[in-house]
Every structure is written in C-alpha cells, then in structure tokens.
Amino acid sequence: MRKHPTSQILMAAVVAVWLILSLVVWSWPDQDHSLHERRLLARHPALSLDALSSGQWMESVETYISDQLPGRFAFRTLKAITRFHLLRQKENQGIAMVNGHAVKLEHTIDPSSIDHAIQRFQSLYDRYLVANDHVITFAFIPDKLAFAAADLAYPAPDNAGLLRYLERQLPFASVVDLSETLSLDDYYRTDPHWRQEQLLPAAQQLSEALGIADPLSNDWQATTLDRPFYGAYYGQSALPLQPDRLVYLTSPATEAATVRHAATGDVTPVYDLEKAAGKDPYDLFLSGASPLLTITSPQADTERDLIVFRDSFAGSLIPLLLEGYRTITLVDIRHIASDQLAEHITFRDQDILFCYSSTILNAAGTLR
Amino acid sequence: MLFSSLTFLYYFLPAVLLVYFAVPAKLKNPVLLTASLLFYAWGEPRFVLFMVLSILVHYAAGLAIAHDRGTRRARLWLILALAASLGLLGYVKYADFFIGSVNAVSGLGLPLPGVVLPIGISFYTFQILSYTIDVYRGQVEPQKNLISLATYIALFPQLIAGPIVRYADIAGQLAGRHHSLDRVISGLRRFVIGLAKKILIANTLGEIGVLLDQTAQPTVLLHWLTAIGFMLQIYFDFSGYSDMAIGLGRVFGFDFLENFNYPYIARSITEFWHRWHISLGTWFRDYCYIPLGGSRTGKGRWLRNLAIVWLLTGLWHGAAWTFVLWGLLFALLLIVEKLWLGKRMQHWPAWAARGLVLLVVLFSFVLFEAPDLPQAVQRLSAMLGGSPLPLADPLSWFYLRSYLGIILIAIVGATSLPARLYRRLRQWTPADRILTVTEPLAGLALLLVMTGYLADASFNPFLYFRF
C-alpha cells in the first residue's frame, strides 16, 4: 500500500479529532437527568477505600462516564440508525418500527406474573368486594404489539388465551376485551400508551358493559397540547422519530370535575396542564402516577359511583366516563398496598372496574 | 478495563498516549508499566498482587537460572518457577473443576473452594513461562531490569486476551524501540478495525445466543442460527481483540506477531489450527509438543503426544469437561487427518474441503460454547434433527431476517476477500485517490458509531476473558 501525504494528513486529523473529542468528554459539565431516557443520570461516585478495593468505584465510574457522555442521545441515535438501516436489523433495544410506530417486541406472556396479578385481584375481591353487591368489570387493554405483529412477521401475544384464562380465574368479573375497538393508530407512535382522542369507541364499549350513558353522544372538544410529546419508546429506540402530539378531549363534565389526590390532599383539574409542562407530558391525564385519587363529577347524570383499580392507561380513558358517575375513585396498587385501602375507601355498592394493560399484567411484580 | 469501553476510549488511552509521548525514552517503560497495572487493577484490583508476585518469582528465577546455568540448580530454579505459576493457575482455574469431578465420580461431598479466576491469568502465565523456559534453554538472556520484565508481562495491549507474546520476540523492543507518527496512525487504524470487529459484529452476533437462552420453544432453525452466530462471533471477538492488541502495540513501538490468518478459509483441520490463535498453537508446539518428542518418535508416542497437547489445549480454554472433549476432539480429527483423510482431502475441490472443515469447526464450537455436556449433546442433537423440535417458527424466521445482514457481513469479513479487494483498489489509481480521502473519514465514522454502541450498552465482556 502506498502512503499518500494526503492520507497521512487526514489520518492524523482523525487522530486529532479523537483527542479533541476526548478533551470535550473530560471537560463537559455533568447533567442532572436525561429527558429522553426519563431518568436521573449517574453522578461522579465518591471515592472510598472499600469501593476502590472491591472494584465498585470503577463500575460506578464506568456508569457515570456512559451517562454523562456529551451528545449521548445523538450517539445512541447513530447506533440505532446503523442497526436499522445499515445492518438491516429489525429492532434496537427491543423496539421495532412498524408503519412509523415504535413497538416493543415482547410477545411472551409470563404465567407467573399473570398468576401474581390474579392473586392480587382475588385478594382485593375477597377483602373488600365479596360482601357487597358490586357490578365488577375487567377491562383488558392490549399492548400495541398485538396490532403490529402481523406487519412485522413477528409472533403476536396470545391475548385470546390470556383472556380465556382471566375469565376462568376471575369469575367475579365480567371481562371486556378492548382490542375489539382498537387499532395500531389508536396508540402514540413513540409511546406504549393509547391516544385519548382515539378512545371514544373503546369508551363506548366499556360504557355498555358498565351500563352507563354512551360517551359518543357527548360533545367533545379536542385540544392539542402546544409542546411535542416524545414517548418512552422514543428514548428507548433512540431513533430520530417525529414526536407525537398530545390531544385531550374536554366536555362540560371534564371541565367541571375536580381531582383530589389522597396522598397530598391536592385538588387538580382532570387535565393537569402544569404537570403536562413537566418532564413527562403524559402526566397531563389525571396528573400522572398517583396511588389514590377521587374525581368528583358534578355534571354526572347519575348517582352512581365507580372504583377503578388501574394502571396508567386508565388515566386517559376514565375522563371519558365522567358523565356516568358522580365520583370515580382510582386506585393504583403499584403505589399503595391493597391492605391499606380500607383507611381511604368505604366499599359500599359502587361499580368496580379493573382496568389493566397486558403490559402491566405481564410484569405484575409491582402490584401490591 | 475493557478496550470496548468509553472509559478506555476517551479517558485511559488518550491520557496514556499523551503522557507516554511526552516523557523521555528512559521513562517510557515505567509509564507503560504504571498504565498497565492501572488498566488491570481497574477491573481486578485484588488480583494485581497475583501478577506482581508472578513477575517477581520469574524475574528472580531468570537471574538464578542464568547464574547457575549448566548446573542442576538451574533446573531446580526452573521447576520451582514453573510450579509456582502453574500451581497458582491450576488452583484458581481448575480446583473447582477437579474437586467437582472427584465428587461426581466418588460421591464424596468435598467442598469447592469457589475461587474467582483472575482475568487474563492464562495469557500472562503462558507469557512468563515462555520467558523463564527460554532463559533456561539459553535462547534469551535474563532480563536484569525488573521494570522491563514487568512491562513485558503486564503490557496492557495484550495483557488480558493475548496474543501470547514471546519474550524473545520483543526483548529488543523493550530495551529501545522506534516511534513515529506513521506507527501511531497505522496502529490506531488497526485498533479501530479490531474495535469495530468486536463491537459491531461480535457483540451483535452474541445477541443470537441470548435469544436461544430466552426462547421457551426453540427450533432447529434457531439452533443452527445460534451455532453459526457463535462461530462467527468468537472469531470476530477474538481476532478483533488481537487486532486491537497488535494495533496498540504498534502505537507504543512494539511489533506483535499476527494471531489469526483467516482460519475459516482453511482446507484442513491442520491448516485451521495454523490460522487460529496462532500464538497459542505455537506456544504448545514449542513448549509442550516438541519437548514431548513431537512426531519424531514412534507412532504410539506421537499419538500420545498429540492427545496430551490437545487435552491441555482444551483445558487451557476452560475448566470443564466440554473443553476437555473439545480438545480431544481436535486431537482425534488431527490424527484422522494426518493418518488417512489429509492426503485425500488435498484432491478434493476447495469448496468441499473448506465446507467439511467449517462444518466440523461449527459443531466443535457448539461443544465449546455449551455450559455442560448434557446441553452440548442436546444442542447438537437439536441441530441434527434428533430432538422433537419444530423446524422453524415465526420467531426464529424473524430472528433470521433480523440477523441475516450481519451474518452475511461476518461471513464475507471472515474471508480474505475484503483485504484482497482493498489491495486491488489501492493499485487502481482512481480508486486509490478516493480511498485516500474516504478511508480516514470512514475511520472517524466508525469511531463515532462505536461510541454510539458503547453509549447504548453497559456490558459487553470479551469472550476470551474467561480463559
């Protein structure tokens, strides 16, 4: 191989770029958190003899250096593009792309997790519900992979089998499969959650099961949040995806309703614009994660009450049912232990709704 | 510390380079030694002492052997030094295996020591043995400068995954070596190529094995995909590491011998082992096979020698019966080849000979990679249709589609085709001009892409670390 002076100069320039990049890495100021990865970033670990001799300090430094790499997300994007477009791989970090949608490739159903969830639900029933004459409904929300698997030529999760199992194991509840009224486009492209503005058919299906007024008959106004929504899969896939837009539906009932958070005593509107301006705009809906909250709906056309055991999907669905209930109490047993509920809720004859996504059922270890 | 880490790439290596080239020649070895000890201590702080102890023992042994050369005491010093290093290696690497095997056979419940294997101990032990044996044989002079000897043993480019550098090959370079911008550039170029082989190809192929482990219902297709993926992964992982070591050696003025020479284009098993992990093969040849008598003895002793060398080669790779069988399998294959099949294979078409070698190596790596013998048998049986598994399912087809691109790249990359094509293009003036500009840019692009891979992953150990 001949050695060109130009080649040597360019090679030397590349080495110089690498050394300069190293200097930038050394001197870059630390960041507190990653917006796209929705987490705090590691800080420089404290040095101690124990940590040094055990190697723990070195491990922490490795994590710190990786977390604080300048342009970390841009570098991750470079990797994702290489993987998808150069190596023609079908996924990055377990996320695949289907018709512009980022979809998590998790088709297996974990029987032990499902059984744990069922055991928690049965425990709730035995402790609080068996004594009263409740109408109990279980709403099943599929992960969006169920609608994307065929296009990906990837195995679809066996939701039909899971539903049959739930029906057998939860005989006290009437199981409603919301898959029937959903499609892939009813979910955000960059996030696992569903889009509220697309949920009226699902809300209608659920209202029929609950025996309340059809939400489709209401006059809903759609409002678009004025900031982009980069969902959880945006950060996970690291692909340069176009952000979603958060749209929320308002009606006289949602405008009039108030939300009381048991943990803090705060009272907020159904759509929390203050939270929506924070780190996760999806917190727009009922202020995001909360162990226990009660929505009071003065515009409800009934005297009925509803208790919802739920995950985050319910946050955008429940506002669509406000005309049907005077109060709706939402309980997230990931954040509050089931045996503490009697301190906060008097179980009488309220309607009961279990509203869970397959994602949470399949990782139910956090249900308490 | 891993080469394939941001810490190494953006902190350790630039800092060491800057200091190394800033200090005068007489301080270069101390700088390299300090950096190497830090490099080793970064991952294994406790085990630095083992290495330092080995260095001191062999330093003293080398001087003592030279002092008593020609006497029985020299032999005693050699035996003591070998016993110290091999005893330590035997204890940390094989104690659990042997006691476990004794327990399995005898039914005894002897407690296992549960010793943690220091990283790279097999590599640096073999390096230091070569030094002391060569001093005993009078092939090299003993190193009187402790720092020079310690630099040779601890030299971070090849410390933890080879190649196994002989003292005789770099003794002169330890005393004084040539540095230039050309060497730095070509060394870093080789380093980046090795890093890309590791990060882009080997790590990606390594994901296939994880998929097999995670799949509740594997298929025949997935077993084949895993086997082919591992066969390519181990080549790109290990040869990538060797490229990085050779490249870094060049940066610091050392010339390490090549460790791989396109082993997957070999037309016989003998040729395969002349192309695969060359430094280990030549080490066993020179320090084990030939001292045992090699092939210049009767057929019986020759067969015994082969069996011993390949048993040891298997055991060097790991303390498990799968490795023992893997080594003995190659002993058997080499015997069959040398006694019967080898001459016939010379008349076979190249594709048939290469195909047979690849198939044999593929199956051997299934044995090599399996965690235990029953699983090895199960996997081989699954590949050959001996298990009631479906041929394929949508999941395994999905994985095949997802990894086909990288497998094809790896297959082509494992041949000499890209290198030959590159040389051809360099000889054609228009292409040469284009490459002059694009090659450095490609190097930079590779560096940035690999930084992206490292930023996106937190754990990617080299396969050969466990040896």
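The sequence lines fix the lettering, A, B, ..., with proteins before strands; numbering per chain opens at 1. Since we're looking at a predicted model, the values are computed, not measured.
When the candidates B:Ile406, B:Leu408, B:Leu435, B:Leu395 are compared by the number of heavy-atom contacts under 4.5 Å with chain A, B:Leu395 comes out ahead. Ranked by heavy-atom pairs under 4.5 Å with chain A, the first of B:Leu18, B:Val192, B:Leu13, B:Asp393 is B:Leu13. Counting heavy-atom pairs closer than 4.5 Å to chain A, the top residue among B:Ser186, B:Pro45, B:Ser402, B:Ala445 is B:Ser402. Most heavy-atom pairs under 4.5 Å with chain A: of the set B:Val437, B:Thr215, B:Leu200, this distinction falls to B:Val437. Listed options A:Lys79, A:Met11, A:Arg76, A:Gln93 were ranked by heavy-atom pairs under 4.5 angstrom with chain B; first place goes to A:Lys79. Options B:Pro14, B:Pro394, B:Gly405 differ in how many heavy-atom pairs under 4.5 Å they form with chain A, and the most are formed by B:Pro14.
The contact between A:Leu10 and chain B is made by backbone and side chain atoms together, counting heavy-atom distances below 4.5 Å. Only the backbone of A:Arg88 comes within less than 4.5 Å of a heavy atom in chain B; its side chain stays farther off. With a 4.5 angstrom heavy-atom cutoff, B:Arg401 touches chain A via backbone and side-chain atoms both. Looking at A:Thr6, both its backbone and its side chain come within 4.5 Å of chain B, counting heavy atoms on both sides. Neither the backbone nor the side chain of A:Ile81 comes within less than 4.5 Å of any heavy atom of chain B. Proximity to chain B (any heavy atom under 4.5 Å) is shown, for A:Val25, by both the backbone and the side chain. With a 4.5 Å cut-off on non-hydrogen atoms, B:Ile409 touches chain A through its side chain but not through its backbone. Residue contact with chain A, scored on non-hydrogen atoms closer than 4.5 Å, involves the backbone and the side chain of B:Leu444 alike. Proximity to chain B (any heavy atom under 4.5 Å) is shown, for A:Glu91, by both the backbone and the side chain. Residue B:Leu188 touches chain A through its side chain alone, counting heavy-atom pairs closer than 4.5 Å. The contact between B:Ala15 and chain A is made by backbone and side chain atoms together, counting heavy-atom distances below 4.5 Å. Looking at A:Asp67, neither its backbone nor its side chain comes within 4.5 Å of chain B, counting heavy atoms on both sides. Neither the backbone nor the side chain of B:Gln214 has a heavy atom closer than 4.5 Å to any heavy atom of chain A. Of the atoms belonging to B:Leu17, it is side-chain heavy atoms, and not backbone ones, that fall under 4.5 Å from chain A. Only the side chain of A:Leu19 comes within less than 4.5 Å of a heavy atom of chain B; its backbone N, CA, C and O stay farther away.
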Worksheet item: What do the steps show when you test B:Tyr403 against B:Thr204 for side-chain hydrogen bond (donor to acceptor under 3.5 Å, both in side chains), and what is the final call?
Response: CA-CA 8 Å; B:Tyr403 288 95; B:Thr204 307; over 6 Å; no

Practice problem: Please assess A:Thr359 against A:Asp143 for the test side-chain hydrogen bond (donor to acceptor under 3.5 Å, both in side chains), listing each intermediate value before the final yes or no. | Solution: CA-CA 6 Å; A:Thr359 313; A:Asp143 180 78; 3.2 Å; yes

Pair A:Asp110-A:Ser112, side-chain hydrogen bond (donor to acceptor under 3.5 Å, both in side chains): steps then yes or no: CA-CA 6 Å; A:Asp110 178 1; A:Ser112 64; 2.8 Å; yes

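Between A:Tyr188 and A:Phe229, the distance separating the two ring centers is shorter than 6.0 angstrom. A centroid separation of 6.0 Å or more is found between the aromatic rings of A:Tyr233 and A:Tyr187. Proximity of the aromatic rings of A:Tyr230 and A:Phe73 is defined here by a centroid distance below 6.0 angstrom, and this criterion is not met. Taking the six-membered ring wherever Trp is involved, the centroid distance between the rings of B:Tyr40 and B:Phe47 does not fall below 6.0 Å.
Within 6.0 Å of atom CH2 in A:Trp28, 12 or fewer heavy atoms from other residues, nucleotides or ligands are found, so the atom counts as exposed in its surroundings. Sparse packing is recorded around CD of A:Gln242, with 12 or fewer heavy atoms of other residues, nucleotides or ligands lying under 6.0 Å away.
Ring geometry, B:Phe8 versus B:Phe191: the interplanar angle falls from 30° to 60°, so the pair is classed tilted.
For A:Glu62 and A:Ser60, the side-chain atoms include no donor-acceptor pair closer than 3.5 Å.
How far CD1 of B:Ile228 is from CD1 of B:Ile411: 7.0 Å, rounded to the nearest 0.5 Å.
When each of B:Phe39, B:Trp42, B:Phe3 is paired with B:Phe12, the ring-ring contact (aromatic ring centres under 6.0 Å, His included) condition holds for B:Phe39 and for no other.
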